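Not measured: the values here are computed from a predicted model.
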Amino acid sequence: MTPRVVEVRHLRLGAGGPLFVIAGPCVVENESLCLTVAERVQQMTSKLGLPYIFKSSYDKANRTSIASFRGLGMDEGLRVLERVRDTIGVPVLSDVHSVEDVRAAGDVLDVLQIPAFLCRQTDLLVAAGQTGKAVNVKKGQFLAPWDMRHAIEKIASTGNHKILLTERGASFGYNNLVSDFRSLPIMRQWGYPVVFDATHSVQLPGGAGNASTGQREFVAPLARAAVAVGCDGLFMEVHPDPDHAPSDGPNMVPLDHLDDLLRQLVRIREAVGTDLPTSSSGS
């Protein structure tokens with residue numbers, strides 16, 4: 001299928017365009033942090049000519065423990081994201097967990113993200129599609145890549161074809177994930193931009209008993225591999241001090257390390273080119 005361009009505000013994503021970056025802290029902790037991270041990442045990506053979308057979750061509804069920090073909530077979280085969008089001038093992305101959230105989130109967000117655990121929820125996918133905004137669907141850890149066509153069909157049934165597909169690892173026994181890079185060309189067969197989530201792919205779900213942990217040291221190798229295999233975009237959660245972050249710290253990239261990694265990824269993309277492979281295997 002002919003590769004599709006997905007337009008997000010002033011950005012054109014996919015179809016052989018520059019590698020785009022979705023990055024930000026896991027959860028909206030406060031306004032100052034979000035503005036700082038968005039500004040720093042925007043400076044890095046601008047120098048490299050990479051389209052950038054700021055990501056942070058206003059509510060982490062799928063935390064391991066009832067005691068885990070979930071964020072500032074919808075109203076305050078969306079206010080912060082709107083401030084980032086208007087102050088820094090970048091598109092913003094966040095998760096939506098229920099149909100009831102979609103309308104308010106769609107009034108602020110440029111990209112609505114469907115969490116991996118919810119990628120089969122028909123009503124949520126349709127509601128997100130009906131906003132007319134871009135929709136990024138995380139592939140469930142339990143889902144075969146060829147089964148993502150059903151998520152596409154649900155969103156596209158609304159007439160919305162601004163769809164991104166994100167690989168974030170597959171369950172490998174208990175409390176572990178593995179990255180099967182075959183999923184990238186398989187999911188590209190439908191023409192929509194494909195993203196590799198380099199930070200959640202190194203997560204160890206529930207690995208700390210009452211919280212998830214992760215293996216940050218593998219983010220860079222997996223990101224480099226994904227770009228070499230062929231993806232349109234990279235998703236990475238970043239933080240100035242991930243070891244003291246209230247959510248997903250063990251798998252977030254320290255903000256000071258991001259620039260060097262992005263430069264490596266640009267060189268790999270230049271070496272392999274933008275004619276990315278596709279595969280109909282398993283479909």
Shared hydrophobic cluster for [X] and [Y] (ILVMFWY, side-chain gaps under 4.5 Å):
X	Y	answer
L165	V96	yes
I152	L124	yes
V41	V227	yes
F218	V238	yes
L11	M236	no

Sub-4.5 Å side-chain heavy-atom contact between [X] and [Y]:
X	Y	value
L118	S98	no
V99	Q121	no
V102	L112	yes
V126	Q130	yes
K138	F117	no
H239	C26	no

What distance separates [X] [atom1] from [Y] [atom2], expressed to the nearest 0.5 Å?
X	Y	atom1	atom2	value
R40	L255	CZ	CG	4.0 Å
E7	H161	CD	NE2	14.0 Å
L72	N30	CG	CG	7.5 Å
T45	I53	OG1	CD1	10.5 Å
M148	T166	CE	OG1	7.5 Å
L184	T278	CG	OG1	12.0 Å

Minimum heavy-atom separation for [X] to [Y], with atom names?
X	Y	value
P240	V37	CD-CG2, 3.9 Å
L78	A104	CD1-O, 3.9 Å
L125	C119	CD1-O, 3.3 Å
V229	F181	CG1-O, 3.7 Å
A151	V137	CB-CG1, 4.2 Å
V6	P193	CG2-CD, 3.6 Å

- request: Report the residues that fulfil side-chain contact (heavy atoms from CB on, under 4.5 Å) with R79, sequence neighbours left out, ordered by chain and then residue number.
  value: E31, E76
Using modelled atom types only, decide if a donor and an acceptor are shared between the side chain of [X] and the backbone of [Y] within a distance under 3.5 Å.
X	Y	answer
Q189	S279	yes
Y174	P205	no
D110	V92	yes
S201	A198	no
T158	I155	yes
S94	S56	yes

field: Check against side chain to side chain donor-acceptor pair (under 3.5 Å), H200 and D248
entry: CA-CA 9 Å; H200 286 106; D248 276 3; 3.1 Å; yes
- prompt: N136 and side chain to side chain donor-acceptor pair (under 3.5 Å): which partner among K55, K162, Q113?
  reply: Q113
- request: Could you check T131 against R103 for side-chain contact (heavy atoms from CB on, under 4.5 Å), going step by step and ending with a plain yes or no?
  value: CA-CA 7 Å; T131 66; R103 178 172 294 182; over 6 Å; no
query: Of R182, K139, R188, which meets salt bridge (Lys or Arg N to Asp or Glu O under 4.0 Å) against E167?
result: K139
- request: Assess whether side-chain contact (heavy atoms from CB on, under 4.5 Å) is satisfied between L81 and R85, documenting all intermediate values.
  value: CA-CA 6 Å; L81 290 167; R85 185 195 68 197; over 6 Å; no
message: Is it the case that atom CZ in F142 sees more than 12 heavy atoms from other parts of the structure closer than 6.0 Å?
response: yes
More than 12 heavy atoms from other groups under 6.0 Å of NE2 on H10: yes
- prompt: Looking at L93, D197, V111, which hits side-chain contact (heavy atoms from CB on, under 4.5 Å) with I22?
  reply: L93
Pair V8-F20, side-chain contact (heavy atoms from CB on, under 4.5 Å): steps then yes or no: CA-CA 11 Å; V8 178; F20 63 89; over 6 Å; no
- request: Please determine if D259 and R263 form a salt bridge, counting it only when a charged side-chain N lies under 4.0 Å from a carboxylate O.
  value: yes
task: May I ask you to say whether R216 pairs ionically with D243, meaning some side-chain N is under 4.0 Å from a carboxylate O?
output: yes
task: Starting from the C-alpha separation in whole Å, work towards a yes-or-no answer on side-chain contact (heavy atoms from CB on, under 4.5 Å) for L204 and N176.
output: CA-CA 5 Å; L204 302 176; N176 199 13; 3.4 Å; yes
